[in-house]
Every structure is written in structure tokens, then in C-alpha cells.
Student: 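Could you have a look at this structure, given as C-alpha cells, before my questions?
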2 protein chains.
Amino acid sequence: MKTLKIPEATIIRLSVYSRYLTQLDKKGIVNISSGEIAEGVGGSPAQVRKDLAYFGEFGTRGVGYNVRDLNQHIIRILGLNKGWKVVIVGAGNLGSALTQYKGFRERGFEVVAVFDNDVNKIGLTLNGVPIFPITKLREVVKEQEARIGIIAVPSKYAQDVADHLVESGVKAILNFAPSVISVPENVELRNVDLAVNLEILTFNLALKKNYD
Amino acid sequence: MKTLKIPEATIIRLSVYSRYLTQLDKKGIVNISSGEIAEGVGGSPAQVRKDLAYFGEFGTRGVGYNVRDLNQHIIRILGLNKGWKVVIVGAGNLGSALTQYKGFRERGFEVVAVFDNDVNKIGLTLNGVPIFPITKLREVVKEQEARIGIIAVPSKYAQDVADHLVESGVKAILNFAPSVISVPENVELRNVDLAVNLEILTFNLALKKNYD
DNA sequence: CTCCTTTTGTGACAATTATAACATATGCAA
DNA sequence: TTGCATATGTTATAATTGTCACAAAAGGAG
Ligand SMILES: NC(=O)c1ccc[n+]([C@@H]2O[C@H](COP(=O)([O-])OP(=O)(O)OC[C@H]3O[C@@H](n4cnc5c(N)ncnc54)[C@H](O)[C@@H]3O)[C@@H](O)[C@H]2O)c1
Ligand SMILES: NC(=O)c1ccc[n+]([C@@H]2O[C@H](COP(=O)([O-])OP(=O)(O)OC[C@H]3O[C@@H](n4cnc5c(N)ncnc54)[C@H](O)[C@@H]3O)[C@@H](O)[C@H]2O)c1
């Protein structure tokens, strides 16, 4: 397996394929073709095959793919077979929702702790996940060997929290605050900006002018 | 202004530029160059100018851009000068967080109603926003002239809710349920899948193998 | 065993998107 | 008024990503 540069769009699609395959597996479906996957997730059969081709040969010509087997391969490609531990900083509206989100666990992520600096929240639990004072971040991250941190504090504090997460040993950060933050090169960073998503919608509506 | 096909990446960046310009404007900064914008949001000056060039000429050669003026132009490009009304379906963990999210209003979005089918939630308000029974969706959407709907119900019901939103006259949908849904061509759809975002992070970590 | 159908894997091609280079316009100073 | 410094807008070039067509492999029928 060579380390060609893989398009990020390919990774996004693989993640979606995997979710779809998991559904099919639960329904007891054993075999599937690239065309059926494409139809299921909204794409083209060639795209599906090309995406998979970056990583190897997982199908059987004339037959298709074994659902469970292919899913296992994608899960391994995405690194989900490790069981990642996640910490969330900010036990507000969003942080609480994320902590209780079952979808993460289903994909191999375990939220082990939430951190806040509000004394009224510290000590409580969210769905069994304890809320610690932010001062314990380093200790808990080290002890639990958490590798992923989620930022759910007001933008103003996002960079501080990011620095703190990095310093604690976290290797990847998902940032929900709508602000540009910077981290060392060896730390992965992704920003999720929900307003941006709405604005893409309004741009397209404004372009079409058929919204009234 | 011709209607060339604008890359979606350009729209995402414009949205980020605008957020940054709003910050600068609040700080009282009047002028800015493409290089400074690039530095502020993490990009290249050429990229900034190219993105803007799709829509017109907003700067002065040798000088740069007027912060407020440029921001107004981008806001207009993104269609944010209209004041969009938004409805949210699902008053659970995520739906509640989104309803109370101040970041939407700051960008010109107004959440006018939330809908649920849980009798214990109906009649309550979230930050002043009323929770209606899902059966009132059509009526409220029509009356308020809401054009955007957000789906925050379990995946299982996402397609049903989408159909219902479309039937009610909504023209754009932001879907948070991790499932593939389909809508008529004339309705804009975007999916936000948070697990996918984490999986991109783990893919990159797994690739680098330096996470331990 | 051979042919035929099916569907993969892949290499060539096309389209899109980003980068870089530069000519053009502006303001200022002398 | 002229020349210079600066930063834009635009054109050309490079890189990336997606599409298409087809050869190769597999399995089943006869
Ligand atoms: N609510 C949403 O749906 C939503 C959507 C998209 C993005 N966001 C973003 O997510 C972030 C959180 O939003 P929210 O609505 O949950 O806000 P919130 O005010 O409900 O919660 C913020 C929490 O962070 C805590 N906090 C503040 N500073 C802290 C620090 N330095 N260390 C630790 N904890 C700290 C606060 O005590 C509070 O509990 C914001 O940046 C917001 O822009 C929120
Ligand atoms: N919690 C999160 O942080 C999070 C993150 C990403 C995605 N999501 C997705 O968002 C969706 C909602 O997640 P949640 O955690 O808020 O779940 P939740 O169970 O807390 O809330 C779901 C709400 O939807 C309501 N509902 C169910 N069916 C409905 C229907 N047909 N019409 C109207 N209302 C209905 C329920 O009464 C409930 O109030 C899910 O698809 C989930 O996968 C959630």
C-alpha cells in the first residue's frame, strides 16, 4: 500500500460507505456491488471503485463485495479499529449534546471526560461521563490516554483551550468554535462551522432566486 | 457578473472571510490587504483575491480593501442580507443546542420555531423559541415564511421529516442525522455528519502513526 | 472444459481548482 | 506633473480530482 496522497473527499466518502455498509450488515445483506453502494449513498459506481482502489483490492470481479468484509477493511483504513478515547472541553449546550451523542460510540469513539470551568457544572455527570475542572485536563488526558479533543467553548477561549489540549498530549482536535485557531503541525485540526453550512445553503438559494 | 460555476470551497472561504472581517470591523480596523486576510484566516493572498474576483472588484489597487465595505459585499453575495427564518425539527439534545445558538442570529438567521412529537416537550420554549407539535409544521412554515429547515431527529425519521419540510415549503435543509436522504432538485440539501469529521482525524492519525 | 455474463480494477482522458506571475491602477512624494 | 511603491485583478500554468471506457478476472451454464 503506497502512501499516495489521498483526496480528503475520498476519506469522507469512505466514511459514508462504511456507515451504509454497517446498515446493510445489520439487515443481513451479504453481498453488494459498487453500483448498489453508489445508489445507496448517492454517487457513481466508478467513484466508489476508485476510492477503494487507493487502498487495495477488496472485491471479487463478476461478483462484487462482501458487505461485512469490505466494511472491516474501511474501518481499518479509517483507523477506527483502535477504539479512540475523546475528551470534550465545554459542558455547555453543544458540549452536553456531543457528550451524550450515541453516534460517536457506534463508530468506535468513547467520550471519557468533559471539562469546564463553571463550578456549578463540575462534579456532575452527563450520561455517566464526569465533568472535571479544566485544571484536571492534563492529568485525565494522560491517565486515560485520550488522543482526541473536542472544543466546545466560546470562540474567545478556543485558542487557549487548544493550547491546553496540545500541551496535555492530545493529537487531534475537532473545533466547533467559529474562530481560526492554530496548533503545531503534528496535531491534526478540523473546524466544524455550522453557520458556514447554512451560508452555503443561502448562497445557493440566492443564486437560484427561486426561493419565494 | 456572469454565473460561472463557483467552487464550493470558494463559498466556504468567503463565509470565513466575512466572519473575520466582522471581527476586524468591531475592532475598528478600516483597511486590509489580501495578504492580511490570508494571514488571519490561514490561506494565501492569491486565493483570497481569486475568490473575490468571481464576483467583482471590491478593492483599490495599491491600497487594499475597506473592511466594512468588503464585508457588506460578501454578506450580499452569500445572500445574508435577507434575514432568513429557520425552523428546527427535533427538540432533543442537538436541536436544543442549535436553537439556543447565538452564532446563527449573528449571521442573519432567525430560528422561529422548533418542532417535536414528544408531548412533554410541546408547549415549552427554548430561549424564547416555542416548541410546536410536528403536526403544525406546515402551518407555521407558511405563516412565518421560513425557508430553511434543520433536521435534528433520529436518522430513522430523517427522510420523513425531510419530506414534511419540503411539503411545507422549505427551500433548503441542513441535515444532522447520519443518513442519506433525498429531496427534490429544487430544494438545497446539506448534510453535516459529525462522526465523519472525527473519522477524517483518525484517518490522518492512523496514516502518520505518530500518535502514541 | 469452454463460453458467456457480470463486475471489478485501472489507465487514459477531461474537468475542476489552486498557484504563481505579471500587468495595471492608485496614492503619495518630490 | 512625474516617478515610485504598493497591492489589486487577471491571465497563464500547474496540480488535483473525477469520469469514462475497457481489459482482466471470476463464476455459472451447457
Ligand atoms: N450551541 C450550538 O448549537 C453551537 C453550534 C455551533 C457552534 N457552537 C460553538 O460551540 C461553542 C460552545 O457553544 P455553546 O452553545 O455550547 O455555549 P455555552 O455557553 O452553552 O457553553 C460554553 C461552556 O464552556 C464553558 N467554558 C467557557 N470558558 C471555558 C474555559 N476556558 N475552559 C473550560 N470551559 C469553559 C462554559 O462554562 C460553558 O459551560 C461556541 O464556540 C459556539 O460558537 C455552538
Ligand atoms: N447529540 C448530538 O450531539 C448529535 C451530533 C450529531 C448528530 N446528531 C444527530 O442529530 C439527531 C438528533 O440527535 P439528538 O442527540 O438530539 O437526539 P435526541 O434523542 O436527544 O432528540 C431527538 C428528538 O427528536 C424528536 N423526534 C423524534 N422523532 C420525531 C419526529 N418524527 N418528528 C418530530 N420530532 C421527532 C424526539 O422527541 C426528540 O426530542 C440524530 O439523528 C443524531 O444522530 C446528534
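For clarity, every value in this text was computed on a predicted model and none was experimentally measured. So that the names make sense, note that chain A is the first sequence line, chain B the second, and so on, each numbered from 1. Below, all heavy atoms of this structure are taken into account, side chains as well, without hydrogens, waters or symmetry copies.
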Student: Restricting to side chain to side chain contact (heavy atoms under 4.5 Å, CB included), what partner residues turn up for A:Asn71, sequence neighbours left out?
Tutor: A:Ser18, A:Leu21, A:Thr22, A:Ile75
Student: Apply ring pair (Phe, Tyr, Trp, His ring centres under 6.0 Å) to A:Phe58 and list each qualifying residue two or more places apart in sequence or on a separate chain.
Tutor: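 Residues passing ring pair (Phe, Tyr, Trp, His ring centres under 6.0 Å) with A:Phe58: A:His73.
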Student: Does this structure show an ion pair linking A:Glu145 with A:Lys85, if we count only N-O contacts that are shorter than 4.0 Å?
Tutor: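 Looking at A:Glu145 and A:Lys85, the cut-off is not met.
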Student: May I have the distance from A:Asn31 (atom CG) to C:dT8 (atom C1'), rounded to whole angstrom?
Tutor: 13 Å
Student: So for the helix from C:dC1-D:dG30 to C:dA30-D:dT1, with five pairs setting each end axis, what is the inter-axis angle to 10°?
Tutor: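 Terminal axis comparison yields 10°.
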Student: Dump every N/O contact between nucleotides 28-30 of chain C and the protein below 3.5 Å, one line per pair.
Tutor:
none

Student: Hey, are the side chains of B:Phe55 and B:Leu14 touching, using non-hydrogen atoms and a 4.5 Å cut-off?
Tutor: yes
Student: Return the set of residues passing salt bridge (Lys or Arg N to Asp or Glu O under 4.0 Å) with B:Glu8 (not counting sequence neighbours), or none when no residue passes.
Tutor: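 If we apply the salt bridge (Lys or Arg N to Asp or Glu O under 4.0 Å) test to B:Glu8, skipping adjacent residues, the hits are B:Arg190.
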Student: Taking CG from A:Asn66 and P from D:dG27, how many angstroms apart are they, rounded to a whole number?
Tutor: 13 Å
Student: Would you mind reading off the distance between B:Lys5 atom NZ and C:dA14 atom C1', rounded to a whole angstrom?
Tutor: 13 Å
Student: Residues from residues 7-24 of chain A sitting under 4.0 Å of DNA chain D, heavy atoms only?
Tutor: A:Pro7, A:Ala9, A:Arg13
Student: Could you state the atom-to-atom distance from CD of A:Gln47 to C1' of C:dT16 in whole Å?
Tutor: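 Nearest whole value for this atom pair: 13 Å.
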Student: My understanding is that only residues two or more places apart in sequence, or in another chain, count here; which of them pass salt bridge (Lys or Arg N to Asp or Glu O under 4.0 Å) with B:Asp25?
Tutor: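 Partners of B:Asp25 under the salt bridge (Lys or Arg N to Asp or Glu O under 4.0 Å) test: B:Arg68.
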Student: Report the distance from atom CG of A:Asp51 to atom P of C:dT10, rounded to the nearest whole Å.
Tutor: 14 Å
Student: Suppose we screen for side chain to side chain contact (heavy atoms under 4.5 Å, CB included). Which residues come up paired with A:Ser182, at least two apart in sequence or across chains?
Tutor: A:Gln159
Student: From B:Ile12 CD1 over to A:Ile200 CD1, what is the distance, rounded to the nearest 0.5 angstrom?
Tutor: 4.0 Å
Student: Please tell me whether B:Tyr157 and B:Asn117 have a donor and an acceptor in their side chains that are separated by less than 3.5 angstrom.
Tutor: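 No - no donor-acceptor pair under 3.5 Å links their side chains.
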Student: Go through the structure and list residues passing side chain to side chain contact (heavy atoms under 4.5 Å, CB included) with A:Val140, not counting sequence neighbours.
Tutor: A:Ala113, A:Phe115, A:Phe132, A:Lys136, A:Gln144
Student: Once ring pair (Phe, Tyr, Trp, His ring centres under 6.0 Å) is applied, what residue pairs with a partner in residues 21-53 of chain A remain, sequence neighbours excluded?
Tutor: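 Ring pair (Phe, Tyr, Trp, His ring centres under 6.0 Å) check on residues 21-53 of chain A returns no pairs.
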Student: What side chain to side chain donor-acceptor pair (under 3.5 Å) pairs are there with at least one residue in residues 89-103 of chain A, not counting sequence neighbours?
Tutor: none
Student: Can you find a side-chain donor-acceptor pair between A:Thr202 and A:Glu199 that sits under 3.5 Å?
Tutor: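 No - no donor-acceptor pair under 3.5 Å links their side chains.
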Student: Reading nucleotides 1-13 of chain D 5' to 3', which nucleotides get B (base under 4.0 Å from a protein heavy atom), which S (sugar-phosphate only), which -?
Tutor: -----BBBBS-B-
Student: Round to the nearest Å and state the distance from A:Glu36 atom CD to C:dT7 atom P.
Tutor: 8 Å
